There are 2 protein chains.
Amino acid sequence: MNTEEALALLSALAHPTRLEAFRLLIRHEPGGLSTGELVEASGLSQSTFSTHLAVMVKAGLVIAEKRGRQQIQRANLDSLRGVMVFLAKDCCQGRTELYEPLLAELTCI
Amino acid sequence: MNTEEALALLSALAHPTRLEAFRLLIRHEPGGLSTGELVEASGLSQSTFSTHLAVMVKAGLVIAEKRGRQQIQRANLDSLRGVMVFLAKDCCQGRTELYEPLLAELTCI
DNA sequence: TTCATTCATCGTAATTTACCGATTGGATTG
DNA sequence: CAATCCAATCGGTAAATTACGATGAATGAA
């Protein structure tokens, strides 16, 4: 996970529509949802949501897979893990005294 | 940390200039840096960086503190922790089987 | 083959963001 | 008080993002 990839992931997450879609996809792991179901849930037009989806797929946040004539979308939990590791480690460059309390908090969820 | 706050933090992080400034501030914890030093490090104009800084401060990513006639900026590690907890917990809404491997990875940094 | 379904892409308009120089306001120094 | 320093804000431009309807390509069904 380099800076560029992390920025793409952060940008992909930093929009209400996309964040909500991602959360919806997480709730539907590991089965995923079709693009049409996501469009319906978003309340936006099909074309508008398609561009949001393209942003997420390009960033690696979502993985698309063809199934029949539908496109099944799945949350990429590896990318979520990646961006969190980036924030904790790469961002806090070696300052363990800074991110260790952060991890402690996370493990106590 | 609600969705709105998390979105603001993600947006604040999702820009090369702002992410780099944040990383720089982390490296300078707990002393912080003056706005002028951050401007110089960014290579941008003073006014441009000032708007970036305002985004970060508004999101709570950075905390400003007046010292003399300078403005000292400090990374807000609580907000970083907050957004990570949001991604791990709120985003993975109760699906412990999803975020536990995620946390396991984080604790092995 | 013909029709319906599914979704990406195109073209476009409106809004937001990013960037700059210039100005202003507040604080310190002389 | 006057001069200086620091940083926010203003005004303006260029680029990116967001949104939509319409079109088109691919797949499956009749």
Side-chain angles (χ1 to χ4, degrees), chain A residues 3-25 28 31-76, chain B residues 3-25 28 31-76:
Chain A
T3 300
E4 203 176 333
E5 292 168 339
L7 281 169
L9 284 169
L10 290 169
S11 290
L13 287 168
H15 188 282
T17 295
R18 295 193 292 258
L19 181 61
E20 193 50 43
F22 184 65
R23 294 168 77 176
L24 190 57
L25 286 179
H28 286 81
L33 286 174
S34 73
T35 304
E37 292 170 310
L38 289 170
V39 167
E40 192 172 2
S42 76
L44 296 175
S45 75
Q46 181 265 320
S47 63
T48 297
F49 187 83
S50 185
T51 60
H52 282 302
L53 191 56
V55 170
M56 292 192 281
V57 169
K58 189 177 180 192
L61 192 63
V62 166
I63 293 177
E65 162 194 345
K66 231 180 178 88
R67 190 182 304 170
R69 65 181 155 193
Q70 285 185 331
Q71 201 79 11
I72 299 299
Q73 315 293 338
R74 286 192 55 194
N76 183 7
Chain B
T3 300
E4 203 175 334
E5 293 168 338
L7 280 170
L9 284 169
L10 289 169
S11 291
L13 287 169
H15 188 281
T17 296
R18 296 194 292 260
L19 181 61
E20 193 48 44
F22 183 64
R23 295 169 78 177
L24 189 57
L25 285 178
H28 286 82
L33 286 174
S34 73
T35 304
E37 291 171 309
L38 288 171
V39 168
E40 192 172 2
S42 76
L44 296 175
S45 75
Q46 181 264 320
S47 64
T48 296
F49 188 83
S50 185
T51 61
H52 282 302
L53 191 56
V55 171
M56 292 191 282
V57 169
K58 190 177 181 193
L61 192 64
V62 165
I63 294 177
E65 161 195 347
K66 231 181 177 90
R67 190 181 305 169
R69 66 181 153 191
Q70 286 185 331
Q71 200 79 12
I72 299 299
Q73 315 293 337
R74 285 192 55 194
N76 183 6

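Note that the structure is a prediction, hence the values are computed from the model and not measured. So that the names make sense, note that chain A is the first sequence line, chain B the second, and so on, each numbered from 1.
The CD-P distance, from B/Q73 to D/dA7, rounds to 8 Å in whole Å. Rounded to whole Å, the distance from CG on A/L53 to P on C/dT9 is 11 Å. Atom C1' of nucleotide C/dT17 and atom CG of A/L10 are separated by 17 Å, given to the nearest angstrom. In this entry the distance linking CD1 of B/I72 with P of C/dA27 reads 16 Å, nearest Å. As rounded to whole Å, 8 Å separates atom P of C/dC20 from atom NE2 of B/H52. For the pair A/H15 NE2 and D/dA16 C1', the computed distance is 13 Å after rounding to whole Å. Rounded to an integer number of Å, the gap from A/Q70 CD to D/dA25 P is 21 Å. One atom, CZ of A/F49, and another, C1' of D/dC20, lie 16 Å apart when rounded to the nearest Å.
Counting any heavy atom pair closer than 4.0 Å across all strands shown, A/T17 reaches no nucleic acid atom. At a threshold of 4.0 angstrom between heavy atoms, the contacts of B/R18 are confined to the sugar-phosphate backbone, with no base atom among them. Residue B/S50 is in base contact, counting any heavy-atom pair closer than 4.0 Å across all strands shown.
With hydrogens and angles ignored, the 3.5 Å screen pairs no side-chain donor or acceptor of B/N76 with any backbone N or O of B/I63. In terms of modelled atom types and a separation under 3.5 Å, the side chain of B/R18 and the main chain of B/A12 share a donor-acceptor contact. B/S11 places a side-chain N or O within donor-acceptor distance of the main-chain N or O of B/L7, the cut-off being under 3.5 Å. Although no hydrogens or angles enter the test, the distance criterion places no donor-acceptor pair under 3.5 Å between the side chain of A/Q70 and the main chain of A/R67.
Closest-nucleotide positions on DNA chain C for A/R69 and A/T51 were compared, and the one nearer the 5' end corresponds to A/R69. With DNA chain D read from its 5' end, the first of the two nearest nucleotides for A/R67 and B/Q46 is the one closest to B/Q46.
With distances taken from any side-chain atom of A/T35 to the nucleotides D/dC20, C/dC7, C/dC19, the minimum falls on C/dC7.
Between the side chain of B/S47 and the base of C/dG21 there is at least one donor-acceptor pair of N/O atoms closer than 3.5 Å. A donor N or O paired with an acceptor N or O is not found under 3.5 Å between the base of D/dA8 and the side-chain atoms of B/Q71.
Between B/T48 and the phosphate of C/dC19, there is no side-chain N or O to OP1/OP2 separation shorter than 4.0 Å.
Using a 3.5 Å distance cut-off with no hydrogens or angles, the side chains of A/E20 and A/S42 do not pair a donor with an acceptor.
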